[in-house]
Amino acid sequence: MNIFEEYLNKITGLLLKNKKLLKLDNLNNFNGIVVESPPVEFNYDLSCNAALVLGKKNKINPRELANKIKDLILKNLKDFEIIEIAGPGFLNLRLTNKSLVTNINHILENRKSYGKKDSNNNYNIEFVSANPTGPMHVGHCRGAIYGDVLANLLKFNGNKVTREYYINDYGNQIINFAKSVFLRIREIKYNEKFILKKDLYPGEYIIEIGKKIIDSNKKEKFDNFDDSLELLKEDSLRHSMDLIKSDLKQLGVEHDNFFSESELIKNKLVDKAVKLLKENNYVQEGYLDPPKGESDKTWKKTKRLIFKSTLFGDDTDRAMQKNDGSWTYFANDVGYHMDKINRNYKYLINVLGADHTGYVKRISAAVSALSENKVKLNCKVCQLVKLYKNGKPFKMSKRAGDFISVQDLLKEVNKDSIRFMMLNRSNDVELDFDFDKVLEKSKDNPVFYVQYSFARISSLLRTLDRDFNDKIDLDPEKFLLNENEISILRKVFEWPKIIETASSKYEPHKIPYYLYELATLFHSYWSKGNEDQSYKFIKDGKIKKVETLAIIILVAIVMERGMSILGVSLPDKM
RNA sequence: GCGUUCGUAGCUCAACUGGAUAGAGCGCCUGACUUCGGAUCAGGAGGUUGAGGGUUCAAAUCCUUCCGGGCGCACCA
């Protein structure tokens with residue numbers, strides 16, 4: 001239930017029925033007409049811009065039209081008690097007690113699904129996809145949580161969602177990774193000093209992986225890298241994916257499907273994709289221009305297969321083959337995306353880090369080409385996370401190869417705080433992550449502030465010896481809300497709209513912002529009793545007004561839904 | 001140079017995707033604890049939305065030209 005949609009439909013229905021009376025000759029559609037919440041200072045439940053939009057289309061003075069619409073609504077719809085015409089021709093509407101009660105009851109009876117925007121599509125969200133050459137670092141963390149919450153959101157609305165991880169377990173980096181492990185094994189087994197060279201991985205975790213491989217391969221001598229390569233690749237990969245999965249799990253993220261790049265090669269998916277593109281003339285042999293900017297002396301003009309991505313809005317065509325004729329990383333990714341398309345997803349979403357911005361156009365182009373524009377790939381780029389401690393940029397030791405890992409982060413900050421803070425910003429803006437702030441138990445720390453409001457509600461219910469699910473009977477005849485309750489209720493009514501935009505625009509950050517605002521309204525109301533006894537909720541151990549209880553339960557309902565979508569806990573005691 | 005993204009209060013960011021007097025938090029100033037958990041609340045100061053031009057009933061939002069910051073610009077992954 002979304003009251004804005006509900007009343008928009010009622011109003012537009014009424015307008016359509018009375019189009020002659022209103023002299024609306026030009027009424028093909030209601031595009032641009034919305035019902036939304038007016039600015040709080042107006043003190044109305046809803047506002048509608050119908051007169052502005054239709055006035056323009058039909059060349060009628062909007063305020064005049066607004067007046068007519070107002071009369072029409074008051075006469076025909078029983079939901080509103082007062083309508084005001086404001087500004088250039090906005091209709092501000094106030095709901096009757098009866099319709100308020102109806103709406104409240106509806107939420108109370110459908111608490112698990114309140115805010116749900118019914119939808120039944122099939123989504124694939126690819127996120128994290130960190131290179132399997134080591135544990136996750138903070139950079140991956142934001143995308144991991146963003147993707148996870150997006151998945152939660154879409155699932156909440158009834159969609160099927162596959163959380164997918166693309167394992168880049170193919171190519172030179174894996175050889176280098178295996179080589180690093182090999183050298184560490186030599187170091188452990190034969191005391192050969194590990195010398196860090198270009199392309200090798202320095203991290204401590206390589207030693208750990210080395211030890212594990214030694215343990216599980218007691219007979220293996222590791223004399224020669226090439227002889228051990230297959231074993232090393234396989235085992236190292238498995239161990240580092242275990243590290244990544246464990247990091248993800250601790251962040252509360254779990255993927256449904258891990259798709260391996262080397263499997264893709266084995267199954268000739270790239271060849272199939274290229275064949276398809278060739279048939280449609282999107283791939284052909286040709287030459288690429290030399291790289292722009294700094295001149296590269298090693299560059300050679302070579303004939304190779306090229307994807308004509310400029311046909312789909314890319315800036316330049318893209319190479320599918322390297323000099324030696326093997327596939328480029330991009331070509332593999334094209335094969336991968338063909339597979340996604342063949343798995344019949346209607347929507348593909350890739351969550352990428354800021355360093356992949358330049359990659360968006362070509363892969364989107366590939367999906368358009370492969371699906372003949374039937375499937376759309378939506379790439380969401382998460383900007384950088386900057387860490388702060390004591391107000392200063394925070395970095396670990398500068399020693400080569402050191403980075404701030406998810407483990408480092410989890411050592412200091414709990415999962416709830418990390419998740420909430422990582423989401424408390426639009427994905428296309430850089431995010432400052434402040435260690436001190438996140439550890440605070442105060443209003444400065446939004447997670448805490450929201451959780452605390454719920455704890456207060458729980459405490460209240462304990463005092464009243466009531467359960468969240470106990471039935472509440474509201475009498476429309478005696479129904480009366482004070483100003484705090486009205487503003488809370490109006491906020492609660494906005495919840496479905498938050499879900500709607502957050503999920504349709506892939507903007508989960510709306511949720512923490514909203515929850516914070518809701519918490520503010522609640523704390524404000526709660527504290528009012530300190531200044532004025534008449535605002536206390538309870539007298540002699542009993543709730544004074546059943547309406548108050550209803551409003552508070554509504555807050556709890558929305559908090560529970562919101563935080564469960566965010567994957568953040570909501571303790572009833574703190 | 002090209003692409004992309006951002007530029008909003010002293011700082012960090014919102015703004016229902018074109019709506020009404022641009023809102024929060026921090027910081028600053030003033031006030032409220034014999035508490036249904038003050039881990040909180042109330043009030044105040046603070047803005048030419050980077051600059052100019054355009055589109056319209058209406059622009060932070062769309063178009064355009066500049067200015068400034070981030071990211072990217074292999075046959076790497």
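A, B, ... follow the sequence lines: proteins, then strands. Residue 1 opens every chain.
Between A:Arg362 and B:G3 there is no side-chain N or O to OP1 or OP2 distance below 4.0 Å. The side chain of A:Lys322 contributes an N or O atom lying less than 4.0 Å from OP1 or OP2 of B:A77. A sub-4.0 Å separation between OP1 or OP2 of B:U5 and a side-chain N or O of A:His356 is absent. Distances shown here put every side-chain N or O of A:Ser524 at or beyond 4.0 Å from the OP1 or OP2 atom of B:C41. Taking 4.0 angstrom as the limit, A:Tyr452 places none of its side-chain polar atoms (N or O) nearer than this to OP1 or OP2 of B:C41. Note on A:Trp526: every side-chain N or O is 4.0 Å or more away from OP1 and OP2 of B:U35. Residue A:Lys510 places at least one side-chain N or O closer than 4.0 Å to OP1 or OP2 of B:A15.
If you check every strand for non-hydrogen atoms under 4.0 Å, A:Ala319 touches sugar and phosphate atoms only. A:Tyr516 comes within 4.0 angstrom of the backbone, heavy atoms only, and of no base. Backbone-only engagement by A:Asn131 is indicated by non-hydrogen atom pairs under 4.0 Å involving sugar-phosphate atoms exclusively. Residue-level contact check: A:Phe4 touches neither bases nor backbone, having no heavy atom under 4.0 Å from any strand. At a threshold of 4.0 angstrom between heavy atoms, the contacts of A:Pro446 with the nucleic acid are absent. Within 4.0 Å (heavy atoms only), A:Tyr449 reaches sugar-phosphate atoms of the nucleic acid but no base atom. Note on A:Thr328: only backbone sugar-phosphate atoms sit closer than 4.0 angstrom, heavy atoms only; bases stay farther off. Using a 4.0 Å heavy-atom distance criterion, A:Asn424 is classed as making no nucleic acid contact. Within 4.0 Å of A:Lys361, counting heavy atoms only, lie sugar-phosphate atoms of the nucleic acid but no base atom. Nucleic acid contact class of A:Phe90 (heavy atoms, under 4.0 Å, all strands): base. Nucleic acid contact for A:Asn530: base, since at least one base atom lies under 4.0 Å from a heavy atom of the residue. When heavy atoms are screened at a 4.0 angstrom cut-off, A:Asp199 is found touching no nucleic acid atom at all.
Taking only side-chain atoms of A:Tyr513, from C-beta outward, the nucleotide of B:A14, B:A77, B:U21 with the closest atom is B:A14. The side chain of A:Ala354 lies closest to B:C71, out of B:G3, B:C71, B:U40. Closest to the side chain of A:Phe448, from the set B:C16, B:U40, B:A77, is B:U40. The side chain of A:Asp428 has B:U5 as its nearest neighbour among B:A20, B:A42, B:U5. Closest approach to the A:Pro38 side chain among B:G19, B:A20, B:G3 is made by B:A20 (side chain taken as heavy atoms from C-beta onward). In the set B:U12, B:G37, B:U5, B:G37 carries the atom at the smallest distance from any side-chain atom of A:Ala455.
Separation of the C1' atoms belonging to B:A60 and B:G47 is 12 Å when rounded to the nearest angstrom. To the nearest whole angstrom, the two C1' atoms, one in B:G44 and one in B:A9, are 14 Å apart. A distance of about 9 Å separates the P atoms of B:C2 and B:C66, rounded to the whole Å. Comparing the C1' positions of B:U48 and B:C41 gives a spacing of 34 Å, expressed to the nearest Å. Between B:G54 and B:G10, the distance separating the two P atoms is 28 Å to the nearest Å. Taking atom C1' in both B:C29 and B:G46, one finds a spacing of 11 Å when rounded to whole Å. Distance check on atom P: B:G7 versus B:C26 gives 23 Å, rounded to whole Å. Spacing of P atoms, B:G23 relative to B:C28, comes out at 24 Å, to the nearest Å.
Side chains of A:Tyr336 and A:Glu261 form no contact here, defined as non-hydrogen atoms less than 4.5 Å apart. At a threshold of 4.5 Å between non-hydrogen side-chain atoms, the residues A:Pro512 and A:Arg425 do not count as touching. Counting heavy atoms from C-beta on, the side chains of A:Phe127 and A:Leu352 never come closer than 4.5 Å.
B:A77 atom C1' lies 15 Å from atom CZ of A:Phe177, rounded to whole Å. If you measure from atom CD1 of A:Ile3 to atom C1' of B:C16, you get 13 Å, rounded to the nearest angstrom. Between the P atom of B:C76 and the CG atom of A:Asp355 lies a distance of 16 Å, rounded to the nearest Å. Regarding A:Asp315, its CG atom lies at a distance of 13 Å from the P atom of B:C73, rounded to whole Å. The nearest whole Å value for the distance from the CG atom in A:Asp314 to the P atom in B:C2 is 17 Å. Straight-line distance from the NE2 atom of A:His509 to the P atom of B:U12: 18 Å, rounded to whole Å. Spacing between atom CG of A:Asn92 and atom P of B:U21 amounts to 12 Å, rounded to whole angstrom units. Counting to the nearest Å, the P atom of B:G69 and the CG atom of A:Asp432 are 18 Å from each other.
The six-membered or imidazole ring of A:Phe259 lies away from that of A:Tyr165, with a centre-to-centre distance of 6.0 Å or more. A ring-centre distance under 6.0 Å is not found for A:Tyr146 and A:Tyr506.
The side chain to side chain donor-acceptor pair (under 3.5 Å) test with A:Ser262 is passed by exactly one of A:Asp169, A:Asn332, A:Asn168: A:Asp169. Here the options are A:Lys545, A:Arg490, A:Lys544, the test is salt bridge (Lys or Arg N to Asp or Glu O under 4.0 Å), and the partner is A:Glu485; only A:Lys545 passes.
One cannot find a donor-acceptor pair under 3.5 Å joining the base of B:A14 and the side-chain atoms of A:Ser426. Checked by distance alone, A:Ser527 brings no side-chain donor or acceptor within 3.5 Å of a matching partner on the base of B:G38. You won't find any donor-acceptor pair under 3.5 Å spanning the side chain of A:Asn176 and the base of B:A77, going by distance alone.
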Item to check | Working for ring pair (Phe, Tyr, Trp, His ring centres under 6.0 Å), residues A:Phe454 and A:Phe522 | outcome: CA-CA 9 Å; A:Phe454 185 81; A:Phe522 174 76; 9.7 Å; no
Next on the checklist: Checking A:Asp314 against A:Ser309 for the side-chain hydrogen bond (donor to acceptor under 3.5 Å, both in side chains) test, could you report, in this order, the C-alpha distance in whole Å, the side-chain angles of both residues, the deciding distance, and whether it holds?
Outcome noted: CA-CA 5 Å; A:Asp314 198 1; A:Ser309 56; 2.9 Å; yes
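Distance check, rounded to the nearest 0.5 Å: CZ of A:Phe4 to CD of A:Glu500 gives 11.5 Å.
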Item to check | Contact state string [nucleotides 54-63 of chain B, B base, S sugar-phosphate only, - no protein heavy atom under 4.0 Å] | outcome: --SB------
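Ring planes of A:Tyr513 and A:His509: perpendicular class, angle over 60° (limits at 30 and 60°).
Closest-nucleotide positions on RNA chain B for A:Asp324 and A:Ser47 were compared, and the one nearer the 5' end corresponds to A:Ser47. Residue order along RNA chain B, read from the 5' end via each residue's closest nucleotide, puts A:Lys528 first among A:Lys528 and A:Gly358.
In this structure a side-chain-to-backbone donor-acceptor pair under 3.5 Å is missing from A:His356 to A:Val351.
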